[in-house]
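The structure appears below as structure tokens.
Every chain is numbered from 1, with letters handed out A, B, ... down the list of sequences.
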2 protein chains.
Amino acid sequence: MSDIDLIIQRLELRGHRVTQSRRRVLDAVLAQPAHFTVDDVLRATRAPRRRQPPVGRATAFRTIRLLLDLNVLCRILLDDGTLHYRLSTRGHHHHLVCRDCGRVEDFTQCDVEPLVRELAEAMEYDIDAHWLEVYGRCRACRQPTKEPARVR
Amino acid sequence: MSDIDLIIQRLELRGHRVTQSRRRVLDAVLAQPAHFTVDDVLRATRAPRRRQPPVGRATAFRTIRLLLDLNVLCRILLDDGTLHYRLSTRGHHHHLVCRDCGRVEDFTQCDVEPLVRELAEAMEYDIDAHWLEVYGRCRACRQPTKEPARVR
DNA sequence: TGACAACTGATACTAGGTCTCACTACACTG
DNA sequence: CAGTGTAGTGAGACCTAGTATCAGTTGTCA
Ligand SMILES: [Mn+2]
Ligand SMILES: [Mn+2]
Ligand SMILES: [Zn+2]
Ligand SMILES: [Zn+2]
């Protein structure tokens, strides 16, 4: 079963309609590089070679929000402060982002849970959420010899 | 030496002029609760009891940015995704935010450094930055008996 | 096949922030 | 203490990333 069918299945399972507009947004999302903004997606639905009509801006935002709720997408906080979106199947996880090529690694293992528990104890807080993003340069981008393939 | 004098000293040290507008923004910043937005500060410079003229919006944003560069302020990412500002003397640190009363604890100890180093090794990344915010409820806010003092 | 709710998209609006540019006021120089 | 050049200011336009409104459309199910 293809990616798009799996996502459509998840939509239907939650009682959401699978409309033409949502299909168009999904197509555009699946055609994106490692991560993207909502306007990247919107622009993609407007790409000249697409014969289908473009979706409205509100619908693009609404659909991305829906996909976020369904855990089809996750959000990445880039180091410049902008939020990007990315396909994701997992639940809670973190990102390691290469600031040169934009590559992203998800990580759940090597986790901050023990650290957070320790903090909870020390501060007497009841901790229920955290946000962690890590920035650096991947191996390929440190290689001075070959030009790194820009992931986005 | 008062807080404001220390900040002014830091401004002068870096070759910035200490203007009336900057003083007004500083006054407003020092009068804020635990954390605040730029518009909170802007509103404060416009408070009716202040006899001084209010600062322009662009100047408020420029001054906050400058104070951020001088490490007089730090940014806090709230769990609703909004950015707030907060007085800070330290360099790199993280925040533990109570989502009920808005109280914030800075933490540097109990750090993520080892975790980040481990990640760097495993992923072969050259890591140079990270962002961590933790959300929960402080002890006072878990106390059902007394109404918690809302910090902001 | 119709009814009805879910969905759409144009458009207005918001928050948070930057840019431009003519004007002002610091702070040093003599 | 006056003169001068540059840093800083503020009005306002503009920008990005969204949300709200609402009349019209479409998908679903009886
Ligand atoms: Mn992810
Ligand atoms: Mn802080
Ligand atoms: Zn890279
Ligand atoms: Zn609290």
A/D39-A/T37 side chain donor-acceptor pair, cut-off 3.5 Å: no
Between B/T19 and A/G56, just flag the one whose closest nucleotide in DNA chain C comes earlier from the 5' side. A/G56
Is the phosphate of C/dG16, meaning OP1 or OP2, less than 4.0 Å from a side-chain N or O of B/Y85? no
Should the side chain of B/R17 and the base of D/dT6 be counted as holding a donor-acceptor pair, with the cut-off at 3.5 Å? yes
Between CD of B/E12 and C1' of D/dG8 the distance, given in whole Å, is 15 Å
Give the rounded distance in Å between these two atoms: CG of B/L83 and P of C/dG17. 6 Å
Of A/R46 and B/H16, the one whose closest DNA chain C nucleotide lies more 5': A/R46
Round to a whole Å and report the spacing from CZ of A/F61 to C1' of C/dC7. 18 Å
Take the protein atom CG of B/L68 and the nucleotide atom C1' of C/dT18, then report the distance between them rounded to whole Å. 15 Å
Counting heavy atoms from C-beta on, name the nucleotide in D/dG12, C/dG17, C/dG9 closest to the side chain of B/A58. D/dG12
Is the shortest side-chain N to carboxylate O distance from A/R43 to A/D40 below 4.0 Å? yes
Distance, rounded to the nearest Å, where A/R57 contributes CZ and D/dC22 contributes P: 19 Å
Do A/V134 and B/Y125 pass the side-chain contact (heavy atoms from CB on, under 4.5 Å) test, and can you show the C-alpha distance, the side-chain angles, and the key distance before you say yes or no? CA-CA 10 Å; A/V134 182; B/Y125 267 63; over 6 Å; no
Write down the distance between CG (A/L78) and P (D/dA17), rounded to a whole number of angstrom. 10 Å
So B/T59, base contact, sugar-phosphate only, or nothing? Heavy-atom distance under 4.0 Å. base
Measure the distance from CZ on B/R62 to C1' on C/dC21 and round it to the nearest whole Å. 11 Å
Using a strict threshold of under 4.0 Å (side-chain N to carboxylate O), is an ion pair present between B/R14 and B/D69? no
Hydrogens and angles aside, do B/Y85 and B/Q32 bring a side-chain donor and acceptor to less than 3.5 Å of each other? no
Report yes if at least one side-chain N or O of B/T37 is closer than 4.0 Å to OP1 or OP2 of C/dA15; otherwise report no. no
What is the distance from CZ of B/R22 to C1' of C/dA27, rounded to the nearest Å? 13 Å
Check whether any side-chain nitrogen or oxygen of A/S21 sits under 4.0 Å from OP1 or OP2 of C/dG9, and answer yes or no. yes
